[in-house]
Amino acid sequence: MGISQNDLPSPPVAGHCRARAVSVDTRLPEETGVVIVGAGIAGICTALYLARRGVDCVVLEKGQVAGEQSSRAFGWLCSLGLDPLKMELTTLSKRLWRELAEELGPGRLGYERCGLLHLCESEADIAREQAWLDSVQGFDDVDARLLSNAELAEHLPGCRRPYAGALFQPSDARVEPSLATSALADAARAAGARIFAPCAVRGIERSAGRVEAVLTERGRIRCSQVVVAGGAWSRLFCGNAGVALPQLSIHSSLVRVAPLAGGPASCAAADGYAFRRDAEGGYVFGPSSGHTAYVTLDSFRLFFDFLPALRNQWRQMRVRLGRESFADLCLPRRWALDEVSPFERRRMLDPKPDVALNLKTLANMAEAFPAFRQARVTEHWAGMIDATPDSVPVIGAVDALPGLFLCTGFSAYGLSMGPAAGWLLADMLCARPPSCAPEAYRFSRFSDGSRLRVAP
Ligand SMILES: Cc1cc2nc3c(=O)[nH]c(=O)nc-3n(C[C@H](O)[C@H](O)[C@H](O)COP(=O)(O)OP(=O)(O)OC[C@H]3O[C@@H](n4cnc5c(N)ncnc54)[C@H](O)[C@@H]3O)c2cc1C
């Protein structure tokens, strides 16, 4: 008897995985209803809500469950400061996160409703926060308000820097990214979804102009619907299928320090640093600016699509040639479905962190909060954020290829929006009325002549 692809040993996955390991399935089916490409928060939440509606679905992950962005995130679940266009989806997501934390137990997700602060240096900053507040009046779950000086001092124990004020949203929360998507993957499997990792999807087969199957490194799975939830790889995957998705990757570094007593409990963003306290009392820090856009072939191809976003975020960004530029140059853009694909060549995006930037961020924090001068660094890491030209995700169908759906391009807010994105896509795949207005997320906005507005 011959050996089937299913019986082959798992290929090694190079890179450091921050996510808690989960149990996965072993025997690839010949057929399913929906195949989901990618086991980050977007793919896992889509599987969770599809399985709970009784849909037969399979998640295929080239590396490890939550091995890329979803375990490398800061861990904020927030709507504070977001464009009103994203408010309905984010509000739904915050409610779903609360329900998931109640159902699974907050410890499984590292969930805590700790609130988020935007610290203001000047009256001009306060006026900007007030203008945002005015723009989101009437949305459920927006409970943000400007704090008095006495309230601000309560939120920032040990702070020596005189801030002019702050906007605070108590309903914003945090999760532990190394736990949350893994816990939801367990919940999706318990609901009936099957998850295979490592198992790269090489591409899509069609028949009569619509999706018929996916080809994976371990064999073929017949299916009528495919969801691409491939994070920073979605553009490459779609490109080989003849679908042009405008998406670029931005490098972002974070640093964690050991538990420190008496520090602030809320998450906060300030000029020079941003932070989150973790479940053990340690802190995670990230820069408020200094994210890096590595120059790649796509930087040139998509230059005009991203020009408005670049103008908008110029102060927070650095454009560089570096290791990721060269890694990108080596990636093939086209491959046949019986060939080893780029997804097997690089199973996990584990970019090198910018340690100097992380230490500068920590120094900025220590200047404001002297207790952090003694902080002991326990981890540096980085991730590649997948961004769209308007900073709005794509959640919906690809009209040119019936059966193909996208759930990607979360532009630094995918952890906050993941459950609602999965829920909304499950509505679409089950042909149910959408739980929130889907128009802003449609893929066709990039090609139907719509005037795009950057909506961070
Ligand atoms: C440093 C950093 C900080 C962040 N902080 C926050 C935050 O505080 N709050 C917030 O809301 N968001 C944050 N984000 C953004 C958030 O992490 C992402 O938007 C979100 O995790 C994206 O989820 P995803 O499922 O779309 O992608 P990912 O988590 O990247 O998952 C995509 C998966 O698809 C797999 N894949 C790709 N192609 C294939 C293929 N062909 N076959 C099989 N598998 C494939 C990949 O291996 C990967 O595991 C942060 C991101 C970073 C990097």
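Each residue takes its place number in the sequence, starting with 1. As the structure lists them, so they are numbered: ligands from 1, and atoms in each ligand from 1. Bear in mind that the values here come from a model prediction, so they are computed numbers and not experimental data.
For the residue pair S171 and D143, a side-chain donor N or O sits within less than 3.5 Å of a side-chain acceptor on the partner. Judged by distance alone, the side chains of R256 and T378 never bring a donor and an acceptor atom under 3.5 Å apart.
Tested against R220, the residues E212, E30, E31 include a single salt bridge (charged side-chain N to carboxylate O under 4.0 Å, His left out) partner, E212.
Annotation: ligand 1 has protein neighbours V37, G38, A39, G40, I41, A42, L60, E61, K62, E68, Q69, S70, R72, A73, F74, G75, W76, C199, A200, V201, A229, G230, G231, W233, F237, S252, L254, F343, G383, I385, F410, A412, Y413, G414, L415, S416, each with a heavy atom less than 4.0 angstrom from the ligand.
Counting only distance, with no hydrogens or angles, the side chain of W335 and the backbone of R202 share a donor-acceptor pair below 3.5 Å. Although no hydrogens or angles enter the test, the distance criterion places a donor-acceptor pair under 3.5 Å between the side chain of S71 and the main chain of A66.
Using a 4.0 Å cut-off between charged side-chain N and carboxylate O, D140 and R95 make no salt bridge.
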